[in-house]
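Below is one structure, written out as structure tokens; comments come after it.
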Amino acid sequence: EAFLQAYTYYATGRYPTPHTPAKIQCFRKSLELYERAGRYFEPPLERVAIPFGDKTIPTYLRIPRDGRKHSVVINFGGIDSFKAESYEYDEALQASGMASCAVDMPGVGESPIKASTTGHTLFSAVIDYLEQRADVDPKRIAIVGRSFGGYWAAKLAFVEAQRLRASVVWGGGV
């Protein structure tokens with residue numbers, strides 16, 4: 001709880017975007033503290049760098065370590081909401097028996113790309129990665145995009161219709 005509280009203070013310091021040296025420092029410190037808190041989550045937070053061309057997509061995975069295949073929800077916010085801010089949503093997914101994968105949408109946080117007409121490829125790479133994991137059921141991958149993230153959820157519902165089990169546009173201006 002102390003790490004999460006400290007994370008919140010630093011995340012507030014970077015808000016709405018880390019565009020100055022002090023805000024960048026707050027952003028980096030917020031991630032450090034969130035990842036330290038993640039050691040105590042159940043299941044624990046796993047930071048994964050998913051290959052994406054010559055870059056990587058930093059993600060936060062929480063998948064039960066019980067040897068079974070799990071449904072997983074790719075979860076992300078909007079323009080001013082970064083992947084660590086998916087915590088409450090991830091907790092609800094976990095309580096519902098689903099694994100979670102928090103990611104920054106294009107142009108936000110640690111995303112390796114800016115928003116563009118091809119930005120959906122970031123999420124396709126995340127799906128590619130999840131389908132290869134032994135602890136993920138590749139037929140039960142869903143996506144939830146909140147706020148502007150709803151745009152990407154709607155686009156992925158079309159672009160990845162064959163691979164996504166569900167796509168939720170949560171308050172997105174689509």
Side-chain angles (χ1 to χ4, degrees), residues 1-52 55-65 70-96 98-115 119-120 122-123 125-127 129-130 133 135-136 141-153 156 167-172:
E1 287 179 17
F3 285 129
L4 282 176
Q5 188 65 51
Y7 153 77
T8 301
Y9 293 140
Y10 279 100
T12 302
R14 71 94 189 142
Y15 193 84
T17 188
H19 65 290
T20 66
K23 286 181 176 245
I24 291 168
Q25 184 179 10
C26 282
F27 174 55
R28 289 186 182 133
K29 188 68 174 178
S30 73
L31 293 180
E32 173 193 327
L33 290 162
Y34 185 76
E35 291 170 19
R36 288 176 73 182
R39 290 183 257 170
Y40 302 100
F41 297 168
E42 188 51 48
L45 184 76
E46 177 185 356
R47 182 180 170 100
V48 177
I50 297 173
F52 186 66
K55 300 175 182 179
T56 61
I57 304 165
T59 61
Y60 289 148
L61 284 176
R62 291 183 57 203
I63 302 175
R65 297 174 179 171
H70 294 273
S71 60
V72 63
V73 178
I74 303 165
N75 183 18
F76 52 95
I79 292 172
D80 58 0
S81 181
F82 296 10
K83 69 183 165 295
E85 292 161 51
S86 294
Y87 172 72
E88 287 82 9
Y89 304 97
D90 289 344
E91 285 289 288
L93 292 168
Q94 297 292 329
S96 298
M98 293 178 270
S100 58
C101 176
V103 63
D104 291 318
M105 70 172 215
V108 170
E110 293 185 297
S111 175
I113 61 171
K114 294 183 178 182
H120 64 277
L122 177 134
F123 299 105
V126 173
I127 295 168
Y129 172 79
L130 291 172
R133 285 185 62 113
D135 53 1
V136 170
I141 298 174
I143 196 164
V144 173
R146 300 178 315 280
S147 191
F148 189 85
Y151 165 81
W152 296 110
L156 268 291
S167 182
V168 177
V169 176
W170 189 337

Next on the checklist: For a quick test of reading the model, state the closest non-hydrogen atom pair linking V126 to C101 and the distance between them.
Outcome noted: CG1-SG, 3.9 Å
Checklist entry - Within 45° of the six-membered ring axis of F76 and under 6.0 Å from that ring's centre, is NZ or CZ of R146 located there? => result no
Checklist entry - How about Y89 and V144: do any of their side-chain heavy atoms sit closer than 4.5 Å? => result no
Next on the checklist: What's the separation between atom CG in L93 and atom OG in S71, rounded to the nearest 0.5 Å?
Outcome noted: 8.5 Å
Next on the checklist: Can you confirm whether E32 is buried at CD, in the sense that more than 12 heavy atoms of other residues, nucleotides or ligands lie under 6.0 Å from that atom?
Outcome noted: yes
Next on the checklist: Show the nearest heavy-atom pair for residues P58 and V103, with the distance to one decimal.
Outcome noted: O-CG2, 4.2 Å
Next on the checklist: Are L61 and Y129 packed together at the side-chain level, in the sense that at least one heavy-atom pair is separated by less than 4.5 angstrom?
Outcome noted: yes
Item to check | Under 3.5 Å donor-acceptor, T56 side chain and F52 backbone | outcome: no
Next on the checklist: Does F148, at its CZ atom, have more than 12 non-hydrogen atoms belonging to other residues, nucleotides or ligands within less than 6.0 Å?
Outcome noted: yes
Item to check | Heavy-atom closest pair, residues A11 and S30 | outcome: N-CB, 3.7 Å
Item to check | Closest non-hydrogen atom pair, L156 against H120 | outcome: CD2-CB, 3.6 Å
Next on the checklist: Here's one to test your reading of the geometry: is the NZ or CZ of R14 within 45 degrees of the ring axis of F82 and under 6.0 Å from its centre?
Outcome noted: yes
Checklist entry - Less than 4.5 Å apart, any side-chain heavy atom of I57 and any of T59? => result yes
Item to check | Ion pair D90/R62, N-O distance below 4.0 Å | outcome: no
Checklist outcome for this item: Looking only at heavy atoms, the pair that brings S167 and A153 closest together is OG-O, 2.6 Å
Checklist entry - Does any N or O in the side chain of K55 come within less than 3.5 Å of the main-chain N or O of I113, such that one atom is a donor and the other an acceptor? => result no
Checklist entry - With under 30° as parallel and over 60° as perpendicular, where do the rings of Y34 and Y87 fit, or are they tilted in between? => result perpendicular
Checklist entry - In terms of side-chain geometry, is the basic nitrogen of E46 or R133 positioned less than 4.0 Å from the acidic oxygen of its partner? => result yes
Item to check | Between E35 and Y60, a side-chain donor and acceptor under 3.5 Å | outcome: yes
Next on the checklist: Please check this pair: side chain of D104 against backbone of K83, looking for a donor-acceptor N/O pair closer than 3.5 Å.
Outcome noted: yes
Next on the checklist: To the closest 0.5 Å, what do you measure between CZ (F27) and OG1 (T20)?
Outcome noted: 13.0 Å
Checklist entry - Quick one: CD on E42 to CZ on R65, what's the gap to the nearest 0.5 Å? => result 8.5 Å
Item to check | S111 side chain reached by M105 side chain, heavy atoms, under 4.5 Å | outcome: no
Checklist outcome for this item: When rounded to the nearest 0.5 Å, the distance separating OG1 of T12 from OH of Y7 is 8.0 Å
Checklist entry - Taking the side chain as C-beta and beyond, is there a heavy-atom pair between L122 and P112 under 4.5 Å? => result yes
Next on the checklist: Does this structure show an ion pair linking R47 with E110, if we count only N-O contacts that are shorter than 4.0 Å?
Outcome noted: yes
Item to check | For the student: nearest non-hydrogen atoms of R39 and R36, plus distance | outcome: NH2-CG, 3.0 Å
Next on the checklist: Is there a side-chain contact between I74 and I141 in this structure, where contact means two heavy atoms from C-beta onward sitting under 4.5 Å apart?
Outcome noted: yes
Next on the checklist: Using side-chain heavy atoms (C-beta onward) and a distance below 4.5 Å, is V73 in contact with I143?
Outcome noted: no
